[in-house]
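Okay, so here's the structure we're looking at.
Below, read A as the first sequence line, B as the second, and so on, with proteins coming before strands; counting in each chain starts at 1. Just so you know, these numbers use all the heavy atoms, side chains as well, and skip hydrogens, waters and symmetry mates.
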Amino acid sequence: MTAVDTPPSANVGVTKLRKEDAHLVTGRTSWTDNLKLPGMLHVAFVRSPMAHAKVTGVDVSAALEQPGVVAAFSGADLVDNWSGGLPCAWPVTEDMKSPTHLPLATDEVRHVGDAVAVVVARSRYQAADAVEFVEVDYDPLPAVVDMEAALADGSDLADTSLDSNKSFTWQKIDGDIDAAFDGAAHVTTRRFINQRLIPTAIEPRAVVCAPPRETRETTLWSATQVPHILRLMLALTCGVPEHELRVVAPDVGGGFGSKLNVYAEEAVCLVLARKLGQPVKWTESRSEGYQATIHGRDQIQDVSLAFNQDATLRGMKVELLADMGAYLQLVTPGVPLLGAFMFNAIYKMDALSFTCHGIFTNKTPTDAYRGAGRPEATFAIERLIDEAANELGMEPFELRERNWIKHEEFPYTTIAGIEYDSGNYEAATAKAKELFGYDDLRREQQERRDRGDKVQLGIGISTFTEMCGLAPSRVLGSLSYGAGGWEHASVRMLPSGKVEVITGTSPHGQGHVTAWSQIAADALGVPYEDVEVRHGDTAVAHKGMDTYGSRSLVVGGYAVQSACDKVVAKAKRVAAHLLEASEDDIEFEAGTFSVRGSPDASKTIQDTALAIFAAHDYPEDMEPSLDSDATVDPENFSYPHGTHLCATEVDTETGQVTIRSYVAVDDVGKVINPQIVEGQVHGGIAQGVAQALYEEAVYDADGNLSTGSLLDYYVPSAADLPHFQTDRTETPATTNPLGVKGVGEAGTIASTPAVINAVVDALRPMGVNDVRMPASPRNVWEAIQAANGGAA
Amino acid sequence: MIPASFEYVRANSIEEAIGALQEHGDEAKLLAGGHSLLPLMKLRLAAPEVIVDLGRVDALRGVCETDDGRLAIGAMTSHQDVIDDDLVRQHCGVLADVTAHVGDAQVRHRGTIGGALAHGDAASDLPAALLALDGSVIAQGPNGRREIPASELFVDYLTTALNDDEVVVEVRVPKLDGDWGWRYEKFSRVAQAWAIVGALGIVKRSNGSIEDARVGLTNMGTVPVRAAAVEQALNGNGTDAIADAAQQAAEGTDAPGDLNATPEFRQHLARVLTRRALEAAAG
Ligand SMILES: Cc1cc2nc3c(=O)[nH]c(=O)nc-3n(C[C@H](O)[C@H](O)[C@H](O)COP(=O)(O)OP(=O)(O)OC[C@H]3O[C@@H](n4cnc5c(N)ncnc54)[C@H](O)[C@@H]3O)c2cc1C
């Protein structure tokens, strides 16, 4: 065999076209909704039109008479199938209230869209028609929609089984917070509203479930980010033995956290398939999903910063009201707590107090949405720093520089008690300012102000960091998180020298197949094309913690690297054996083992794979296999950072905001595939801009979702977004061997405050010092009116 | 899309369509481009029992000149075909320009001018344009054809003067020959969305002053409206009268309030957008 003549890092760090894309862009995808099984039935849910009501009767008999209907069940009919409610895996405090959340409500509905009954029919249309024949008697109860009102004495209850609307209060105080504020020369205080958002993955959720046939195995396909977690949780919720349940995440079209959950529809489809002995399918419509799939954000944030005379930070106080919605879903209560470590962001301070109250309302539950807790925290601190700079009469960059962690101070243990391993805020900022043309834009801004231009220019800054790569299992345990943060990979050397990588991460658009191939190809010294990556099926990838929290590369990629290292170590022994050399004399480069000093004596890694397969001649003290597993558990989170700059033009007559330019310099450590990183940054910024300017889930006073479809919920398209100018600095992570940091959420976390800071900056001369998100024309115009700038 | 079940009838001529409407009465709905009707059906906000598809009625497509010197646009002419039509561009370019603001490319290739007007949505762009142009539609029913001027077509929210058994067959607009200028200021949340407010200014200039000013407003009430007070204040005056005249743009409107705008904000937008539209139209 000939040696592979590629240099050691032929693949890592290089843009490779994504292996996933050919089938995605040619429509050869296997979305869950594309699956068709013989005899498959269709499921439709009967959902509450009321935000809060007692259910006094459910009659499915008329529905059963409808054409094509096979079965129909009320919540009470199925209640014995549940071993418990749907899981909340993050009990943040010991006294946290978490009402039982049955997959189908039995006696009380708690949000519009709460499912009360289910119909199974031969076609989707028949099922939808029959839903209208299920008679449900509702006895309306007052709807709790406002978090502050929900906390008042004597408030109506969002759940009549509870004695108050508060789920928990979680507090963390570091340093002497009273001293920090008592002795302060200046305090800046604000209330920010981080509005409720709807994730809107392009592929709606869908579930297919096939009952056991030849074996005892039930198979559930779901548009999920978390097949492994789902398998365990469904096994527990539905009383199906875990080893008899296989969960498959086929092609999944985006998630952003909305598919990081254990949903009622998954549990119901599992039970129905087993009960009826036939496969069933359910696919949400968009407007159904807007009620039945988790929402994100929704916090009222009261925040203050205390400064010394010289503008150095003394401390920060944070008090949050976080809307849980009607139930605690998988990690609902933990989401705001991820912000507990991030309000201090890149800044040094002596004290930080964080208090979060989790509140129940009669709305769709919230849960992790791209960034999960960190966008909210980052928004608050980056907005507040700008406001403080204004109050202190300082350039916003000057105030940041005075307080941020300097590059020579890393690793740095923050006031929140976590250690940032590496970073260089100065470098990212310098690069961003230059690309942006910061000084020129400031000059133009002044000119427009001077001539009273109707269109004002604003410049917004966000020097963000974040904490991701959900890993350190022991740390997660100390936060009462219900699972570990390790990740698993298996690497198999096939006899022909080809490679299979099995990963416990579960990609849904990110490009893991490409990136993991790059890592394995370089680690093993095999061609990129010779690597196949398998994932998303618990029968194939038996072990994993799935994909969320920007963890896949920093934890899952690390596992791939570790498993490859083990393969190489074994292959080295085989090569030494075949070359009749001491293992110490074997060198490995680009897939070839050679004997030091005698360059002609060599074996490729493929040679060793074939030899160990034949197993005719291999070292005495090893098993005849190169295959290796690795389960890694990094000792720390990952802390990407960067500087995002946004210039907005604000039409002061109409309130219309236009982004003129946007520069993002991100530091995500070492990069495996630059194009994938850029794609993540672009999509992330788009979602953050969406929060800043466009999206808001609005409920009316009765708890109806007013923005119940894409007609009223404004998801921006490419036509609404500016050109993003992206660049990077590269400060390797020291907590994993690849030196990588997470990138999946960074853009979203960074961009929202950059945009809002720019909008406020534009309007500052009119006396505006905040604009409610989204900064829609209406909200901007009302801010101008309130400040009496008098554009009208 | 999971609509309630319905019966499908393909009309091969205008007469067949009218016949089907007569037979099924208010259980039936005409289907043109489907871009207003189908979204309502998939949400089950509309559940007609019979759909009468006009897609094969070729007589309803195309643009020609009428004997009385106007343009006649077949009801089933798609938005994109209106935009691309030489006669429209030559004689009524404003209609092409407003139509170019409708939805996105997909919507413009499926949606039709007849459907957009028959739907009677004050938030959509073409009704206000027809009104400002003093255009009309030709409706055909069992008893023949009649012309309904735009000023009488739009009766109430999603309600027109069309009878259940009438088909819009043509849309008539004047030829704007002479020194006309126009601008449609469509104000919306995202690039592809309905107008929060739209203001169409059409101005005929003569000897440096405004001879004829028309202002059509989108989404300022249950029906499209003309800003009559603005028009009156301008006719015979110079362009320097625009700023003051536009202050009256919201007079006589009945602006709705919704998540995007309070009535007050809509009124304010109507004034600003009317000024901008007229300044551009007259400039
Ligand atoms: C995503 C999207 C975005 C859109 N954006 C815009 C926008 O920005 N601005 C805008 O103005 N519009 C917009 N529209 C609406 C679009 O212009 C529609 O095409 C148009 O309003 C209706 O035309 P249609 O041919 O699709 O009619 P259909 O939907 O087929 O019919 C609409 C109604 O008119 C009736 N009808 C149709 N033809 C006739 C006829 N010849 N005689 C009598 N009755 C008839 C039907 O019975 C039905 O009640 C949008 C639509 C979509 C789906």
Side-chain angles (χ1 to χ4, degrees), chain A residues 42 44 66-68 123-132 283-288 454 651-658 689-690 693-700 705-721 774-782 784-785 791-792, chain B residues 1-6 35-36 38-45 47 101 103-107 121 123-124 185-199 243 246-247 249-250 255-277 279:
Chain A
H42 296 263
Q66 296 306 306
S123 82
R124 192 174 183 199
Y125 293 86
Q126 290 169 329
D129 288 344
V131 159
E132 294 173 17
T283 301
E284 70 181 7
S285 72
R286 184 64 68 185
S287 37
E288 182 181 23
K454 294 275 187 229
D651 183 332
T652 58
E653 282 191 298
T654 64
Q656 187 82 280
V657 175
T658 310
V689 171
L693 298 182
Y694 300 109
E695 298 183 16
E696 179 173 26
V698 180
Y699 281 85
D700 71 13
L705 181 61
S706 307
T707 52
S709 80
L710 284 164
L711 200 60
D712 310 292
Y713 187 83
Y714 291 97
V715 177
S717 70
D720 302 295
L721 296 163
S776 63
R778 174 181 176 168
N779 286 344
V780 171
W781 188 71
E782 285 176 358
I784 295 170
Q785 298 306 303
Chain B
M1 126 136 196
I2 322 169
S5 67
F6 55 85
H35 270 49
S36 291
L38 298 186
L40 292 174
M41 287 172 62
K42 75 172 186 184
L43 296 172
R44 298 191 171 212
L45 295 173
H101 281 89
D104 53 32
Q106 196 178 349
V107 173
D121 185 352
S124 68
E185 287 282 337
K186 178 174 177 175
F187 192 79
S188 52
R189 283 290 307 278
V190 289
Q192 288 144 14
W194 273 265
I196 297 172
V197 175
Q247 287 303 318
D258 57 27
L259 294 176
N260 291 323
T262 56
E264 297 71 44
F265 183 41
R266 273 208 167 78
Q267 289 162 4
H268 166 76
L269 286 173
R271 291 188 284 267
V272 173
L273 299 173
T274 296
R275 191 194 74 225
R276 291 181 182 180
E279 280 173 350

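Counting heavy-atom pairs under 4.5 Å between each of A/Pro716, A/Ala719, A/Pro777 and chain B puts A/Pro777 at the top. Most heavy-atom pairs under 4.5 Å with chain A: of the set B/Ala193, B/Ser5, B/Ala261, this distinction falls to B/Ala261. For the set B/Thr262, B/Ile196, B/Leu269, B/Asp104, the entry with the most heavy-atom pairs within less than 4.5 Å of chain A is B/Thr262.
Between B/Gln192 atom CD and A/Tyr714 atom OH the span is 12.5 Å, to the nearest 0.5 Å. To the nearest 0.5 Å, atom CD of residue B/Glu185 and atom OG1 of residue A/Thr654 are 9.5 Å apart. The NE2 atom of A/His42 lies 10.5 Å from the CD1 atom of B/Ile2; values are rounded to the nearest 0.5 Å.
Interface remark: B/Asp258 contributes backbone atoms only to the contact with chain A (heavy atom separation under 4.5 Å). Neither the backbone nor the side chain of A/Asp700 comes within contact range of chain B, judged by heavy atoms closer than 4.5 Å. With a threshold of 4.5 angstrom between heavy atoms, B/Arg275 approaches chain A through side-chain atoms but not through N, CA, C or O. Only the backbone of A/Leu693 comes within contact range of chain B, judged by heavy atoms closer than 4.5 Å. When heavy atoms are compared at a cutoff of 4.5 Å, A/Glu696 does not approach chain B at all. Heavy atoms closer than 4.5 Å to chain A are found in the side chain of B/Val272, but not in its backbone. With a threshold of 4.5 angstrom between heavy atoms, A/Glu782 approaches chain B through side-chain atoms but not through N, CA, C or O.
In plain terms, the two heavy atoms of A/Asp720 and B/Ala191 that are nearest each other are OD1-N, 2.5 Å. When every heavy atom of A/Glu695 is checked against every heavy atom of B/Arg189, the shortest pair comes out as N-NH2, 4.5 Å. Across all non-hydrogen atoms, the minimal contact from A/Val698 to B/Leu259 is CG1-CD2, 3.7 Å. Among all heavy-atom pairs drawn from A/Arg778 and B/Asn260, the shortest one is CB-O, 3.3 Å.
With salt bridges taken as basic N to acidic carboxylate O contacts below 4.0 Å, one links B/Arg44 and A/Asp129.
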